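Computed from a prediction, not measured in an experiment: that's the story for all the values here. Read the numbers this way: they start at 1 and go in the same order the structure lists the ligands and their atoms.
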Amino acid sequence: MAVYDMDDALSTARSKHTSNTPSKQPSNPTAESSERYDRPIAAAQESGLPIIDISSYLDPSSSPSARKTTAQAINAACVNYGFFYLTGHGIPTSGLHQIIDLARRFFALPLEQKDKIKRYDAGGPEGGDSARGYQGLGENVTGGLQDMQEAIDFYRPWNGEEEVGDGGQGTRKTLQGPNLWPEEPRELREVYEGYVERVTEVGRSLVRAMGVALELGPACDCGEADRSTEDEEVFVRNCDESFWVMRMINYPPLPPSVRPAGGNPEDLSQFSCGAHTDYGCVTLLLTDPTPRALQVQLKDGTWLSADPIPGAFVVNIGDMIERWTNGIWKSTMHRVIHRGDGGVNGKEGGGRVSVPFFFEPNFDAMVRPLQKCVKDSGRPSMHEGSTYGEHLLTKVFSNFYYSKRTDW
Ligand SMILES: O=C(O)CCC(=O)C(=O)O
Ligand SMILES: [Fe+2]
C-alpha cells in the first residue's frame, strides 16, 4: 500500500501557488490512410473529432496489426487535437444511461438534502477535506469566474497515512477524507463503484495504447523495470494505483443576462465551465445527449462543438501526458457553454448532466518529460519534474470560491 508523502507535496504546492454529427469519420483511421491529418483543422470542422475503437487493447487475443492501427490513430488524434471519441470500450450503453440517470435524480433533490454531503475546507471542524463532496452553484471557480454548475467530486480512497488537519482532532488534511456518497438515490453508490472499476480498466488500456503510440519501445521481461523505466509500459506502471477523480455535474442553463446577443461568446461574463485543461492523464467524459455545450479549442484558436455520440466517451489528454510527452501531445483547452436552447432529452431549458472520469497517475508518480519525447520534440525539456500529487494540490487550492484554505 502506498504511503503518500503528503507534507512534501503540500509544501511544494503551497510554494508554487499564486493566487454536429461527427459520424462521417471512420473508426481508427491511420495517419497514412487519411488525408485529414494534412489539414486537421478543416477536417475536424467538416466531420468532427476522430473516433477511435479501443477494443484491440481490451481483447488479449487481438492481432498486433490491429493494435498498431489503434496506436497510430491515437497518435494522430493527440498530435492534432488532444481530443477524440472512444468506442469499443465494452461498457454497455444501458449502463452509461444509468450513470447519467442517477446523477440527474440526485441533482433534482432539494438543496437541504444535497447539502448533507457538502464539501468543506480541510482543517475545519466539519471534517471536510477541501475536495470531496457536493458543491453548490457558484462554488466552483475556473479562471477566476464562478462556474454555473453544481457537482459532487469523488476520488480514489486515500490509502496513505491519514494526518490530523491543522484545526485539531477530527479535522482533516486536503484530499484525506472519505468519499461522501448521497443517501438518495439509494443505488447510486453501488452502481457508481461498479462503474469506477469498469472505466478504470478502460483508462488503463488507453494509457497502454498511448505508450505504444509514442513508440517508446517494448517492455522487457527481465523483471528490472520500475516506474522510472521509460518504455511503452511507463504510463501503465505510473498509473497502477491511479489517483482517479470522478465528477458528477449538473449545468442549469446560463441566465439570459450572460448571453451576448449574437456577440462574441468570448465576452461571456459567466460560463457553465470556464476554459481549462484537465490535470492528469486521460479524461473519459460521459454526458447526456445535449448538443452544443462542450467546446474544444482547435490549434487555430477556434472552438469546435464536441457533441455527444451515443455509447461513446469523449476523451482528452491532461497536463501530465503533455508534460511526459514534452508537449508533443497537448492538453487541450475546453469549456462548456450550456444555454438550454439545444434541448435536453427533447426538453428546452433543462439542465445538462455530465460525469467525467479522470484516469490519473498515482498520487506520488514522478512526472517529467520522457527522454525520447524530448528528443522527438526538438525542444528543451519543458519541466524539471514533480509528482502528480503536487500538481493536483495546486489545482484543488485554486478551485473553490468560498475556500478559506485553512490547511495552508
Ligand atoms: O461537462 C463537460 O462536458 C466537461 C466537463 C469538464 O471539462 C471538466 O469537468 O473538466
Ligand atoms: Fe475538463
Side-chain angles (χ1 to χ4, degrees), residues 20 22 48-49 78 81-86 96 99-100 103-104 106-107 119 131-135 137-143 145-155 199 203 243-254 265 268 270-297 303-310 312-322 329-340 342 344 350-360 388 391-392 394-396 398-401:
N20 43 10
L49 297 166
C78 291
Y81 311 110
F83 260 88
F84 51 90
Y85 293 97
L86 192 81
L96 301 179
I99 294 294
I100 293 293
R104 194 178 288 289
F106 170 77
F107 288 118
R119 181 206 75 93
R132 298 168 206 256
Y134 171 73
Q135 304 133 42
L137 283 180
E139 241 180 283
N140 218 263
V141 173
T142 310
L145 288 178
Q146 286 173 274
D147 292 325
M148 176 55 100
Q149 57 172 259
E150 54 179 341
I152 309 182
D153 280 330
F154 305 96
Y155 287 76
V199 78
F243 198 69
W244 55 263
V245 188
M246 179 172 57
R247 192 163 165 77
M248 260 171 65
I249 317 173
N250 179 42
Y251 302 96
L254 287 166
L268 289 188
Q270 192 176 25
F271 290 84
S272 308
C273 180
H276 66 282
T277 60
D278 291 346
Y279 315 156
C281 277
V282 286
T283 305
L284 292 123
L285 173 70
L286 176 65
T287 73
D288 75 13
T290 309
R292 297 194 298 283
L294 172 65
Q295 300 179 353
V296 173
Q297 192 168 40
W303 294 92
L304 175 79
S305 276
D307 289 346
I309 298 180
F313 288 107
V314 179
V315 168
N316 61 290
I317 57 170
D319 300 341
M320 296 299 94
I321 291 282
E322 173 172 322
W329 294 354
K330 288 266 183 315
S331 174
T332 299
M333 280 282 199
H334 52 286
R335 66 185 185 190
V336 179
I337 300 178
H338 173 54
R339 301 170 190 278
V344 180
R352 170 181 182 266
V353 170
S354 73
V355 182
F357 181 85
F358 304 91
F359 181 78
E360 310 295 51
Y388 168 64
H391 184 66
L392 174 65
T394 311
K395 298 288 182 177
V396 169
S398 58
N399 269 353
F400 297 106
Y401 190 72

Worksheet item: Taking atom types as modelled, is there a side-chain donor on Asn316 or Thr332 under 3.5 Å from an acceptor on the other?
Response: no

Item to complete: Identify, by name, the N, O or S atom of Asp278 lying closest to the Fe ion (ligand 2).
Response: OD1

Practice prompt. For the pair Phe243 and Tyr155, name the ring-plane relationship: parallel under 30°, tilted 30 to 60°, perpendicular over 60°.
Written response: tilted

Fill in: For Glu360 against Trp244, the heavy-atom pair lying closest together
CG-CA, 4.2 Å

Fill in: Check against side chain to side chain contact (heavy atoms under 4.5 Å, CB included), Tyr81 and Leu304
CA-CA 11 Å; Tyr81 311 110; Leu304 175 79; over 6 Å; no

Worksheet item: Does Cys273 put an N, O or S atom under 2.8 Å from the Fe ion (ligand 2)?
Response: no

Discussion item. Within the 4.0 Å heavy-atom shell around Ser354, which atoms of ligand 1 are there?
Written reply: 1 (O), 2 (C)

Worksheet entry | Per-atom contacts of ligand 1 with Ile249, taking only distances under 4.0 Å to non-hydrogen atoms | 9 (O)

Discussion item. Angle at the Fe ion (ligand 2), NE2 of His276 to NE2 of His334, rounded to 10 degrees, please.
Written reply: 90°

Item to complete: Could you label the plane-to-plane angle of the Tyr279 and His391 rings as parallel, tilted or perpendicular, counting under 30° as parallel and over 60° as perpendicular?
Response: perpendicular

Worksheet entry | Residue Val336 vicinity, atoms of ligand 1 by number, heavy atom under 4.0 Å | 1 (O), 2 (C), 3 (O), 4 (C)

Discussion item. Can you report which non-hydrogen protein atom sits closest to atom 5 (C) of ligand 1, along with the distance?
Written reply: Tyr251 OH, 3.4 Å

Discussion item. So for ligand 1, is His276 a polar contact partner (N or O within less than 3.5 Å, distance only)?
Written reply: yes

Fill in: Heavy-atom closest pair, residues Asp153 and Ala131
CB-O, 3.5 Å

Fill in: From the candidates Arg352, His338, His334, the one that places a heavy atom nearest atom 7 (O) of ligand 1
His334

Item to complete: Give the atoms of ligand 1, by number and element, whose distance to some non-hydrogen atom of Phe358 is under 4.0 Å.
Response: 8 (C), 9 (O), 10 (O)

Worksheet item: If you take all heavy atoms of Ala103 and Val355, which pair is closest and at what distance?
Response: CB-CG2, 4.3 Å

Worksheet item: Quick one: which ligand 1 atoms are inside 4.0 Å of a heavy atom on Pro356?
Response: 9 (O)

Discussion item. What verdict does the side chain to side chain contact (heavy atoms under 4.5 Å, CB included) test give for Ser272 and Arg352, after you've listed the backbone C-alpha separation in whole Å, the side-chain angles of each residue and the deciding distance to 0.1 Å?
Written reply: CA-CA 10 Å; Ser272 308; Arg352 170 181 182 266; over 6 Å; no

Worksheet item: Counting only heavy atoms, which portion of Val314 has something under 4.0 Å from ligand 1: side chain, backbone, both, or neither?
Response: neither

